[in-house]
Each structure stands twice: as structure tokens, then as C-alpha cells.
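If you're wondering where the values come from, they're calculated on a predicted model, not measured in any experiment.
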Amino acid sequence: MYRRLSRYSRLLLLALLTLCFCAYLYLVSVSGSSKQAKSPVKPATKLDPNDANISVGLLLPADLSRQSAITQAFKNAWRAYEQDAMGSDEYHPISHKGSNISLSGGIGYTVVDAIDTMYIMGLSSDYARARLWINKQLTFDREGTFSTFETTIRVLGGLLSTYHLTMDDLYLERAIDLADRILPAFDTHSGLPLPSINLAKKIGVPDEHSPRTISTAEASTLQLEFRYLAELTGNEKYWRKAENAMSVIEKANPPYNLVPIHMNVHDGTFMSSDIRLGSRGDSYYEYLLKQFLQTARTEPIYKKLYEGAMQGVHDRLVQKSPTKGATYISELLPQGSHNGEITWGRQARQDHLVCFLAGSLMLGATTTSSIRNSVSIPPRMDELSPKGQRDWKTGLELLETCMYTHETSTGLSPEIVQFNTLPNTSTGSDKDWYIKNSRKGGPSGYDARYMLRPETVESLFIAWRLTGDVRYRDYSWAIFSSIEKYCRLPGGGYATILDVDTVPVSHDDKQETFFLSETLKYLYLTFANSSVLPLDKYVFNTEAHPLPIFNPSITPAYPSS
């Protein structure tokens, strides 16, 4: 046929074929480049947690059977709540009821806190029902007193994380509405936020019992959320309000670079109060590192503050138990003053909350203290600065101590432990820690409970990602197995156990929202492959809502060094 065509026709046919081939190459190149193009703030994230067919050595592989068991646990916890209390802020699984923080109605604490976990786990039908509730029923026009801190980390953080993962404008619209209602809490003389907010009236609310007081952690654990919202919207007001609170804290000149747990919300000074990395202090230290990482390490002030704080931790708080040499983080208590300076006494006590620090130290060692652009898995010590080596070692040791506190009748750690400061010669036991006002088999005090907390499994997740050492997966599985055995209720859901060292266990009628947003998420990610929410692309807020690392388009007002 080709030969039967005229010379003109043959030339025309060749030209058409050439044109079609060029068009094909162009479309292929455009298609390929569009798949690779990603905004630093809105990456087209594809979560494939069940992909076990990856290159070992480049990525850490998934453990599908254990991952599936954790997903089933989430479904049990979530669906019990959904059946009994959908839309309520909190869930009481024994009485099969929900409750709200405000008499005027809930603001989605449980739904919004849990929805990104559903999405990450691939629970599409559960996610769709949760999204429908947010779309049709969620409102923030609620009278009452809501915690500025809890509402930010749980609800605002959950909305922003889910927006990032899905690019669904519904979540961004709700986040803007909520943030605008929270911002008036910052309208104080010092710039520190009031601890509570009336969302309907958009006014800050002082502490009912101590009107001048806010905890340091509450004031300094809002920044990741408001900065990311500022980046998404281009509205600097969110960034500036949260950023200013950090400047106020720095100017208050904390002793040893360690912050007392209470501040005066009116004048921005520290009040005479304990120094600890447990309740009311913990997430201040957590967010120093994460603020530095969130904006792609472009704000060296946060590296400076973090490194100063970790020096203070090592100089003043790190201790060893007398018999087993377990590393723990003590507390400082104000004892009076001498020559105008506060004198401090040490308390050998550690909250379960402190166990976040193990993973934080390891992450900080491989980021702020690495002397190369990237570090190995696990890191070699010649890749870390001397301070990085110190922090890595302390992180590893502290994580082992946190697992040591799981040596109970249930395999779960109590809320608070006390450490012996002298060898225990009276009982002949080599155990270095105990639970105050409790004994095995009962009676027990508040410190003996396990509240479905995530801090140890959070650090195990980070340790697994940074080392690839299977012991951290084994530790995680042991904790999960104990939760299944002792916290799971036959009628659905999970509950706090009142004494980790007494079997059979007794329960408190509450399933914490952070069990869905943090504990089960970190457990799930520990058994996912490491391409799912990688640590060099994300920071997790203190409620485990993943937020992307980005290069900021807003110029920080806080000093750069």
C-alpha cells in the first residue's frame, strides 16, 4: 500500500506519523512529571501500609499479621463508641454511654481525634461515616469552657492532619473556623494564652481556681498546629500568636534551660513550681525539637532552645537507679531561696508521660546532632556529634527503663513510678522502682493505673524506624498483647485498668480518645513499612496527628539565633 501512494501522499503520511509520535512523547513526559510534582505543604500522599514487597535495606518491611490485629483492635474500639456514643466527646464503654465537655454539646473530640487513624489504616467505610458526621453535625458554636491546649492538639490537629492526607477542603474549612475561635485566648497582656476558651463567644477563660496560671506545656504546645494552618492559608495571624508565646517563655529565663511547670499568664513570668518532664511540662520539650523539624530546619532558634534544654536535662535530671543502673528522669522541686536564687530538691519520680523523651532524644540525635546529611539505620556513632552520641545513648537507656516499668502482673506500666535512691536491702529484692501507696494485689492508689497511654509505644515506633532492631517491634507487640488481654472489654471497647499489678483487673469506665489517635496509631505504624509517614517528611503533633515538614513562606518574627 505504501508503494501505491504518490510521493506527495507518502510525505504527508510520514509527517502525520512523526507528529503523532511527538505528541505521544509529550503526553508521556507531562503525565510523568505531574505524578512527581508535589507542593511542600500539600504532597499527594499515597498511603500503602500493606505493601510488604519492598527492598529490605532501603525500607523497613511491614508485618502484616500483627498490623491486621492492631487494625481489628481499632475497629473494636471505634465501633463500640460509634454504636453507643457517636458524636460525644468522650466514651464510657462499661456503661455504654458518651459524655460531652460542655452542656451545650460536643465538638467531636473522639471523632476528629480518630479520623486520621482510620484513613491511615485504610478503613474506608468507617472513615466515610466519620466524615459524614463532621460534614453534617460538627459545630464549634458551643457555650462552655474548652481547654485551649486539648482542643488544639486533638481537634485542630486532627482536622489539619486529615486535610493534609486527603486534600478534602471540608477539614480545612472546619480548622479555620475552630482556629478563629481559639485565637482570642492569646489576647492577654503577656501574649501567653489563657488555658480555656468559650468557643461560642470567642473569649478566653482564665483558670477557675488560679486565674493567673497556665501550665507551661499548655502555652507551648499549640505551635505546630497554628504554624501549619498559617502556611496553608497564608494568614500570618495564626503563626504570630503562637510564635509569640514561645518568645515570652524564652525571655522568662528558665533555670538551667528547664521550665517550671506554671507561668503567670498576665506578666509572662515563671511561678514557683516543679520542674519535670511529666505532666504540665512534657510537651514543651517535645515541641522544641518538632518546631525545628517542621519548618525544614530553617529556624535555628528552636535548635538552640532544644539543645540547651537537653543539656539541662543531662546536667540536672538524668539519674541512675542504685541496683540495676536504670536511667530515669527525676524531678526538681523548689525548696526555698538563697541569695535571691531558688534552691531545688530532687524527687526520684517518673511519670509514664516522660517515656516520650526516649524517642525524642533518639530523633534529636539523628537530626539536630548529625554531622552528615543523612545517617545510617541504625546510626553509626561517627555520624553523630558528641552531644548526639550522648542523647542517643540516653534515649536507648531510658526506653529500656520504660520497658522495665512494664514488669508488672499485667505487663503494663503504671501512671507514675518512684525509684529507690538506695539499694533495697529490707526485702532482698533487686527491683529499683515501686508504685506509691500501692502493693501487689491491692490496695492501690492513683499512680497504679494504666490509662491506655501511648508514650512508650511512641518511643518504640521511633526507635524501630531509626534502628530496624526487631526488639522494638517485640516490645510493642508485648504491650499490645497486654492491652488486648486486660483492657479489652467483652461488651466492646477498651478501658483504663485501676492497678497494673493486680489480677484480675478492675476497670475505670473510660476509653481515652488518645487510645484511638495515638496508642493504636503508633502501634500500627510500628508494624507498617517505613514508607508510611516517614520521619524525614512528617512531624507528629503531641496527639500523634501527622503534619508535613515544609519550607515556610512566612518569615518568622522570632529571632533566628
Side-chain angles (χ1 to χ4, degrees), residues 45-79 114 116-124 126-127 161 165 355-356 358-359 362-363 366 375-379 395-396 399-400 402-403 406 410-413 450 452-488 494 514-538 540 544-546:
T45 305
K46 180 182 179 181
L47 299 176
D48 190 7
N50 297 320
D51 181 12
N53 300 314
I54 57 177
S55 301
V56 177
L58 296 176
L59 295 174
L60 301 172
D63 184 327
L64 299 183
S65 62
R66 290 182 173 183
Q67 198 178 45
S68 177
I70 294 162
T71 301
Q72 289 301 315
F74 179 90
K75 288 163 67 175
N76 174 56
W78 165 256
R79 290 177 183 177
D116 64 356
T117 308
M118 297 174 216
Y119 187 82
I120 291 164
M121 290 182 173
L123 300 175
S124 56
D126 298 273
Y127 168 80
S161 171
L165 296 173
C355 289
F356 89 90
M362 297 172 74
L363 183 60
T366 57
V375 298
S376 307
I377 299 177
L396 291 176
L399 189 48
E400 292 298 324
C402 291
M403 290 309 303
H406 282 74
T410 60
L412 295 168
S413 177
Y450 172 67
L452 305 170
R453 284 206 183 275
E455 283 73 23
T456 298
V457 296
E458 173 186 358
S459 284
L460 290 171
F461 159 66
I462 294 171
W464 161 251
R465 285 286 180 95
L466 296 179
T467 67
D469 189 334
V470 294
R471 85 162 71 185
Y472 299 118
R473 275 186 164 178
D474 292 341
Y475 284 158
S476 297
W477 185 250
I479 293 172
F480 173 72
S481 299
S482 291
I483 291 171
E484 284 290 284
K485 185 173 183 179
Y486 295 108
C487 301
R488 184 168 179 155
Y494 295 75
F514 54 66
F515 181 61
L516 298 170
S517 68
E518 296 187 74
T519 307
L520 291 176
K521 183 185 291 158
Y522 281 129
L523 284 166
Y524 178 87
L525 290 173
T526 300
F527 295 99
N529 78 58
S530 58
S531 69
V532 182
L533 303 175
L535 294 177
D536 62 341
K537 304 294 183 186
Y538 289 88
F540 290 79
H545 295 304

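- Using modelled atom types, one side-chain atom of Thr117 and one backbone atom of Leu516 make a donor-acceptor pair closer than 3.5 Å.
- Scanning for ring-ring contact (aromatic ring centres under 6.0 Å, His included) contacts around Tyr475 gives an empty result, with sequence neighbours left out.
- Here the side chains of Tyr524 and Val532 are not in contact, with every heavy-atom distance at 4.5 Å or above.
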- Message: Working note: Leu165 + Leu533, criterion side chain to side chain contact (heavy atoms under 4.5 Å, CB included); need CA distance, chi angles, decisive distance, verdict.
- Response: CA-CA 10 Å; Leu165 296 173; Leu533 303 175; 4.2 Å; yes
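- In this structure, CD in Glu455 is found 6.5 Å from CD in Glu518, a value given to the nearest 0.5 Å.
- Taking the side-chain hydrogen bond (donor to acceptor under 3.5 Å, both in side chains) definition, one finds that Thr410 meets it with Thr408, sequence neighbours left out.
- Taking the six-membered ring for Trp, Phe515 and Tyr494 have ring centres closer than 6.0 Å.
- Note that CD1 of Ile462 and OG1 of Thr467 are 11.5 Å apart. Values are rounded to the nearest 0.5 Å.
- Here salt bridge (charged side-chain N to carboxylate O under 4.0 Å, His left out) pairs that include residues 528-538, with residues two or more places apart or in two chains, number zero.
- To the nearest 0.5 angstrom, Arg453 atom CZ is 12.0 Å from Glu458 atom CD.
- Scanning for salt bridge (charged side-chain N to carboxylate O under 4.0 Å, His left out) contacts around Arg488 gives Glu484, with sequence neighbours left out.
- Taking all atoms of both residues into account, the shortest heavy-atom contact from Arg473 to Ala62 is NH2-CA, 3.9 Å.
- For Cys487, there are no disulfide (SG to SG under 2.5 Å) partners, not counting sequence neighbours.
- For the side-chain contact (heavy atoms from CB on, under 4.5 Å) test, residues two or more places apart in sequence or in another chain that qualify with Ala69 are Trp477, Phe480.
- Under the ring-ring contact (aromatic ring centres under 6.0 Å, His included) criterion, Phe356 pairs with no residue at all, not counting sequence neighbours.
- Counting all heavy atoms, side chain and backbone alike, Leu523 lies closest to Ile70 at O-CD1, 3.5 Å.
- In summary, the aromatic rings of Tyr522 and Phe540 are positioned with their centroids under 6.0 Å apart.
- When all heavy atoms of Met403 and Ile479 are compared, the closest pair comes out as SD-CD1, 3.9 Å.
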**Prompt:** Passes side chain to side chain contact (heavy atoms under 4.5 Å, CB included), Leu466 versus Leu535? Steps please.
**Reply:** CA-CA 9 Å; Leu466 296 179; Leu535 294 177; 4.2 Å; yes
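- Leu525 has its side chain within reach of Ile120: a pair of non-hydrogen atoms, C-beta onward, lies under 4.5 Å apart.
- Minimum interatomic distance between Ser413 and Tyr450 (heavy atoms only, all atoms of both residues): O-CD1, 3.5 Å.
- Between the side chain of Thr456 and the backbone N or O of Cys402 there is no donor-acceptor pair closer than 3.5 Å.
- In this view, Leu396 and Met362, Trp392, Tyr472 satisfy the side-chain contact (heavy atoms from CB on, under 4.5 Å) rule, not counting sequence neighbours.
- For the side-chain contact (heavy atoms from CB on, under 4.5 Å) test, residues two or more places apart in sequence or in another chain that qualify with Ser459 are Ala358, Leu399.
- Taking NE2 from His406 and SG from Cys355, the interatomic distance works out to 7.5 Å, rounded to the nearest 0.5 Å.
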| Stepwise side chain to side chain contact (heavy atoms under 4.5 Å, CB included) test for Arg66 and Thr526 | CA-CA 10 Å; Arg66 290 182 173 183; Thr526 300; over 6 Å; no
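- Side-chain contact check for Asp116 versus Pro546: some heavy-atom pair is nearer than 4.5 Å.
- Looking at residues two or more places apart in sequence or on another chain, you find a side-chain contact (heavy atoms from CB on, under 4.5 Å) between Arg79 and Lys75, Glu82, Ser125, Asp126, Arg129.
- Taking CZ of Phe74 as the start and NZ of Lys521 as the end, the distance is 8.5 Å to the nearest 0.5 Å.
- Residue pairs meeting the salt bridge (charged side-chain N to carboxylate O under 4.0 Å, His left out) criterion with at least one partner in residues 522-531, sequence neighbours excluded, do not occur; the list is empty.
- Counting heavy atoms from C-beta on, the side chains of Phe527 and Ser476 come closer than 4.5 Å.
- The salt bridge (charged side-chain N to carboxylate O under 4.0 Å, His left out) check on Arg465 picks up nothing, with sequence neighbours excluded.
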